Number of protein chains: 2
Amino acid sequence: MALSKQPYKGTRDFYPPDFRGRQRIFDMWKTVAETYGYEPYDAPLLEPLDLYRAKTGEEILNEQTYAFTDRGGREVAIRPEMTPTVARMVAARRQDLSYPLRWYNIGNRWRYERPQRGRVREFWQLDIDIFGVDSNLAELEMIEMSRELMTAFGAKDDMYTIRLNSRKLTNVLLSDYFELDEEQVMRATKLIDRMHKMDEKVFEKALAELVGGRFDELHELLHASELSALPEKVRQYAGDFEALIAAVAARGIGNAVFDITLMRGFDYYTDIVFEVFDTHPENSRSMFGGGRYDGLVGLFGVADLPAVGFGIGEVTMQGFLQTHGLMPDTQASSTDAYIAVIGDQHAAARELADKLRAKGFRIAIDLTGRKVDAQIKAAAKQGIGCVIFVGEKEAKSGRYEVKRLDEGISHTCEIDKVIAIIRNK
Amino acid sequence: MALSKQPYKGTRDFYPPDFRGRQRIFDMWKTVAETYGYEPYDAPLLEPLDLYRAKTGEEILNEQTYAFTDRGGREVAIRPEMTPTVARMVAARRQDLSYPLRWYNIGNRWRYERPQRGRVREFWQLDIDIFGVDSNLAELEMIEMSRELMTAFGAKDDMYTIRLNSRKLTNVLLSDYFELDEEQVMRATKLIDRMHKMDEKVFEKALAELVGGRFDELHELLHASELSALPEKVRQYAGDFEALIAAVAARGIGNAVFDITLMRGFDYYTDIVFEVFDTHPENSRSMFGGGRYDGLVGLFGVADLPAVGFGIGEVTMQGFLQTHGLMPDTQASSTDAYIAVIGDQHAAARELADKLRAKGFRIAIDLTGRKVDAQIKAAAKQGIGCVIFVGEKEAKSGRYEVKRLDEGISHTCEIDKVIAIIRNK
């Protein structure tokens, strides 16, 4: 029986045009991250499963990890996310690294999800993390970079909002003000985290079970969009968070809003969390986000280290760019010119290619010996813009015919002119 | 108990200096591949295990794959190599793609090996493949590119040799000339493949068992370095291979040699194979190689397609570069300048950073509020070459002190001069 030509379920093959589309996004991510002084790191794709048992969250751990036992009996998982790994790496050199430590990674992550629009099992993600900053200057930088990651692709402020919350503040609200015990707070937090994904009636029933007679009061607060709506008893703890919101506004970021229901799924977040939300009516959804996770590095047996980070996936980014008409065309090849070989002039073709490559051009040679028309067609099909013809006459005279496929015009000229034509493609 | 800080056995974490070292290699690979008109593709990390059952070879399949069953009961493997995947992708669009098709991929592969010097479980590799070329012009291009991949890093011809063989020719020798049957030919091929890795006596004993009275004759032939040493009966089939060797020499590649013992491990190779070999006495070893695998695309139920390809790993490449003193220093950060903040001037620091980033510079800001000396130390430790100081005085006057850490000298100047100083770092 023939082997299957399909990629593994829920994953994608990247043919050159797909690859170029993804690469544009990666290149932009790299530029933004490095512009803010972040340095690239990488880590193995497999990690001990224990790394995710600590703080990744039950849904991912129990339902979505690609976990297995290796030939040596070790329990491992293909990374579903990068944060535990970066915390591990920082912990391993806790004393030797210099802070604030700014790192980024672009790489694949795997989750066993039911494949559907915008959800795939293998996706690539940019992770940005800063270690060693206690103050909300770190959060401010993360929010600035989130905005920059959007504007770099041409996004306007009204295409998305940045939602902000403080988990600590929500905790104070639930425990001090609504007087829930620790276990109830945890249940309420998880419930609120799912609020916008649940049926409204189901949500309200579950919430009422938790807070009883004070349901209306909490329900109203969960729809507040201003810190001033919070009871004074809670708001007195909001100083640092209010300062951050003011600093974000002072940086000219006008699309940041307070959202007390924002929790983010991961268990490791300790205080401020944020999320970028697409406002397009047809694509209205959370795109990416992050937050502070001060306790994670300490799990590796070293002194704790403050940390803030966020991650953004290429599938979501591409969805956003397509919806808003911002995705660049990726049909054009990276190859500058194609040499069509007439007759047996392969040695002459290689010689010409050498000269053009030495100038930094990317040159492909047809090696098939077929008719010239078929060679031109092949170049066009690959998205290459120029064809240069090399036959006996050209080899002898040093004058080549160059055809610009986009304009459909030809020139016959010496190599310097050939170079000028390719350069202007 | 604290979580382990170690990466999974046999793998490596890439801290920024390690990442930069690897990236230099990837960047060079990309440049060489694209200079020859190759386009990037990518594919999922996981493939159905069946993909490797066909032609990958027993050792890798049975002892080295990271194979497991996913949550949906599918048998999958983390790719140990890329060739089956690229053949699958080409087969899936056999009719739509344009030939010769030139593709490359840089990515990780996984093999469960006993970790030792130069052998790791996760390694990155460049794979280069050309589809649709019947003639040895394809092999010639692959050998040219192999040479180019070496010279691009500064390697001289005497630092390595390129070994060439034709599997077809070896087959003719063993079957027609030595009159071995099919099963014996297969055993002899596998034995010869391991010749240089085995104890000499063990090898000779096994060879003698196969060819009996003609042991001396075969043994001598296996040490031949010229095609002319082959018996006439065999050499008559060597025309195409001899033409390739001549073409390689005509291209000025003086370090290519004939080696009849060269087999390459994979079962899918059908004719010409080649291998680049480090000649350094302390690192004498096979570095990388490839060959023709015309039958692979056809396994996917489409018409066969001629194909030639090779793969080169970053561990081997780095080993070669280090042994020959060609590895560049990777301690310097990609960040251009570090802003040390005096007092509470964070807003002024961000404003200056904005201006410099708008010019394309990569700027990190200290966010800790610690003493200035400690801020300078942090920049130096991260390998950043310039520090700019922003305090109240600087914020008011628009004149900044810039310290070049490499030269130890400082200037106080306006932003245009600051830019000039950073640019010259």
Side-chain angles (χ1 to χ4, degrees), chain A residues 2-5 7-8 11-16 19 34-37 39-48 50-51 54 66 68 70-71 76 88-89 91-93 98-100 102 108 112 122 132-133 135 137-138 141 299-301 333-335 346 357 362-364 366-368 378 381-382, chain B residues 2-5 7-8 11-16 19 34-37 39-48 50-51 54 66 68 70-71 76 88-89 91-93 98-100 102 108 112 122 132-133 135 137-138 141 299-301 333-335 346 357 362-364 366-368 378 381-382:
Chain A
L3 287 167
S4 166
K5 298 190 286 283
Y8 169 68
T11 69
R12 297 158 292 162
D13 286 328
F14 292 84
Y15 286 82
F19 187 98
E34 293 190 353
T35 295
Y36 279 79
E39 303 235 42
Y41 70 94
D42 201 4
L45 178 88
L46 292 182
E47 290 278 7
D50 276 340
L51 189 66
Y66 279 81
F68 64 97
D70 79 2
R71 291 175 191 266
V76 292
R88 176 181 66 68
M89 283 178 65
R93 299 203 183 164
S98 167
Y99 305 94
R102 289 177 166 95
N108 54 349
Y112 192 83
E122 180 185 44
V133 181
S135 77
L137 288 168
E141 185 161 296
L299 295 181
F300 296 87
S333 167
S334 56
T335 302
H346 287 283
R357 287 171 183 152
R362 288 160 292 195
I363 308 294
D366 196 288
L367 305 178
T368 59
K381 206 167 168 186
Q382 289 182 30
Chain B
L3 288 166
S4 165
K5 298 189 288 279
Y8 169 69
T11 69
R12 297 158 293 161
D13 286 328
F14 291 85
Y15 286 82
F19 187 98
E34 294 190 354
T35 295
Y36 279 80
E39 302 235 42
Y41 71 94
D42 200 5
L45 178 89
L46 291 183
E47 291 277 7
D50 277 341
L51 188 66
Y66 278 81
F68 63 98
D70 79 2
R71 291 175 190 266
V76 293
R88 176 181 67 68
M89 283 177 64
R93 301 204 181 162
S98 167
Y99 305 95
R102 291 177 165 95
N108 53 349
Y112 192 81
E122 180 185 44
V133 181
S135 77
L137 287 168
E141 184 162 297
L299 295 182
F300 297 87
S333 167
S334 55
T335 302
H346 287 285
R357 286 170 184 153
R362 288 161 291 195
I363 307 294
D366 196 290
L367 305 178
T368 58
K381 205 166 169 185
Q382 288 183 30

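Please read these numbers as outputs of a predicted model, since none were measured by experiment. Residue numbers start from 1 in every chain, and the chains themselves are labelled A, B, ... in the order their sequence lines are given, proteins ahead of strands.
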Whatever's closer than 4.5 Å to a heavy atom in chain A on Thr368(B) counts as side chain
Cut-off 4.5 Å, heavy atoms of chain A, and the answer for Tyr112(B) is side chain
Could you have a look at [options] and say which one has the most heavy-atom pairs with chain B under 4.5 angstrom?
options: Gly132(A), Ala92(A), Ser98(A); answer: Ser98(A)
options: Ser135(A), Ala91(A), Gly37(A); answer: Gly37(A)
options: Pro40(A), Ala138(A), Ala364(A), Ala2(A); answer: Pro40(A)

Ranked by heavy-atom pairs below 4.5 Å to chain A, first place among Leu299(B), Val76(B), Asp366(B) goes to Leu299(B)
Among Gly301(B), Pro7(B), Pro48(B), the residue with the most heavy-atom pairs under 4.5 Å to chain A is Pro7(B)
Roughly how far, to the nearest 0.5 Å, is [atom2] of [Y] from [atom1] of [X]?
X: Asp13(A); Y: Arg93(B); atom1: CG; atom2: CZ; answer: 7.5 Å
X: Ile363(A); Y: Thr35(B); atom1: CD1; atom2: OG1; answer: 9.0 Å
X: Arg362(B); Y: Glu34(A); atom1: CZ; atom2: CD; answer: 5.5 Å
X: Tyr41(B); Y: Phe14(A); atom1: OH; atom2: CZ; answer: 13.5 Å
X: Arg102(A); Y: Leu367(B); atom1: CZ; atom2: CG; answer: 5.0 Å

Can you find a heavy atom in the side chain of [X] that is under 4.5 Å from one in the side chain of [Y]?
X: Asp42(A); Y: Arg12(B); result: no
X: His346(B); Y: Leu137(A); result: yes
X: Asp50(A); Y: Ser4(B); result: no
X: Thr11(B); Y: Leu46(A); result: no

Q: Measure up the Tyr66(A) and Phe68(B) rings against each other and bin them: parallel (under 30°), tilted (30 to 60°), perpendicular (over 60°).
A: perpendicular
Quick one: does any side-chain atom of Tyr15(A) pair with a main-chain N or O of Met89(B) as donor and acceptor, under 3.5 Å?
yes
Arg88(A) and Lys5(B) have their tightest heavy-atom pair at NH1-O, 3.1 Å
Please report the C-alpha distance between Tyr8(A) and Asp70(B) in whole Å, then the side-chain angles of each, then the deciding distance to 0.1 Å, and finally whether the side chain to side chain donor-acceptor pair (under 3.5 Å) criterion is met.
-> CA-CA 11 Å; Tyr8(A) 169 68; Asp70(B) 79 2; 2.5 Å; yes
Relative to Tyr36(B), does Arg357(A) satisfy both conditions: NZ or CZ under 6.0 angstrom from the six-membered ring centre, and within 45 degrees of the ring's axis? yes
Practice prompt. Before giving the answer on side chain to side chain donor-acceptor pair (under 3.5 Å), spell out for Ser333(B) and Glu39(A) the whole-Å C-alpha distance, their side-chain angles and the decisive distance to 0.1 Å.
Written response: CA-CA 8 Å; Ser333(B) 167; Glu39(A) 303 235 42; 2.7 Å; yes
Glu122(A) meets the side chain to side chain donor-acceptor pair (under 3.5 Å) criterion, sequence neighbours left out, with Asn108(A), Trp110(A)
